Amino acid sequence: MISVATAATIILAASLLMLGDIANAGDRPKVDPPKQIAAAPKRLDLRAPDITKVFSPAQLNEVLSKALDPRIEEVEVEGRRSGQPVPPSSPTVWPAIAAPFWAVMHPTQSWRIVAPMPPDQASRVGNAAPDATDPSRAVPIPR
């Protein structure tokens with residue numbers, strides 16, 4: 001419990017703080033109300049352009065010459081054939097009992113034997129399409 005003297009001191013300090021705040025209220029700058037916008041903002045035209053308009057090769061070259069940087073001549077991108085698997089960017093850890101031996105040979109990557117499979121390797125596991133003609137496949141029972 002608080003003594004009477006302590007409670008009186010707290011009440012006196014709070015009242016002095018409030019009186020000081022009321023006395024300084026005249027010194028604060030007055031805030032003007034927000035000004036009204038004279039005109040409504042212009043609406044955006046989000047309609048699709050006319051796709052039936054045909055441009056001549058000269059018009060296309062003119063637009064492209066303005067849009068492209070003349071210092072850039074061409075860009076060559078190397079790719080891979082579709083169907084070829086992407087090589088993993090993370091090392092392939094040996095599974096099961098061979099994992100500790102792999103960790104000894106790769107000490108800086110040894111933490112990978114206890115970590116989950118990285119996403120670039122997980123995409124290769126279990127991606128075979130289900131075979132509808134497989135006789136061991138479970139058949140759902142209609143209800």
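Bear in mind the structure is a predicted one, so any value in this text is a computation, not a measurement.
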Exercise. Using a side-chain heavy atom cutoff under 4.5 Å and only I, L, V, M, F, W and Y, what cluster partners does Ile11 have?
Worked result: none
Output a table of donor-acceptor pairs, distance under 3.5 Å, between side-chain atoms of residues 54-64 and any protein atom two or more places apart or on a different chain; print 'none' if there are none.
{"residue": "Ser56", "atom": "OG", "partner": "Gln59", "partner atom": "N", "Å": "3.2"}
{"residue": "Gln59", "atom": "OE1", "partner": "Ser56", "partner atom": "N", "Å": "3.0"}
{"residue": "Asn61", "atom": "ND2", "partner": "Pro57", "partner atom": "O", "Å": "3.3"}

For this session: Tell me, please, which residues at least two apart from Arg43 pass salt bridge (charged side-chain N to carboxylate O under 4.0 Å, His left out).
Result: none
Exercise. Any side-chain heavy-atom pair from His106 and Pro91 closer than 4.5 angstrom?
Worked result: no
Exercise. What residues form a side chain to side chain contact (heavy atoms under 4.5 Å, CB included) with Thr92, not counting sequence neighbours?
Worked result: Pro88, Gln121, Arg124
Problem set entry | Set of residues satisfying side chain to side chain contact (heavy atoms under 4.5 Å, CB included) with respect to Thr6, sequence neighbours excluded | Ile2, Ser3, Ile10
For this session: Check which hydrophobic residues are tied to Val93 through side-chain heavy-atom contacts below 4.5 Å, counting indirect links as well, and list them.
Result: Trp94, Phe101, Trp102, Met105, Ile113, Val114
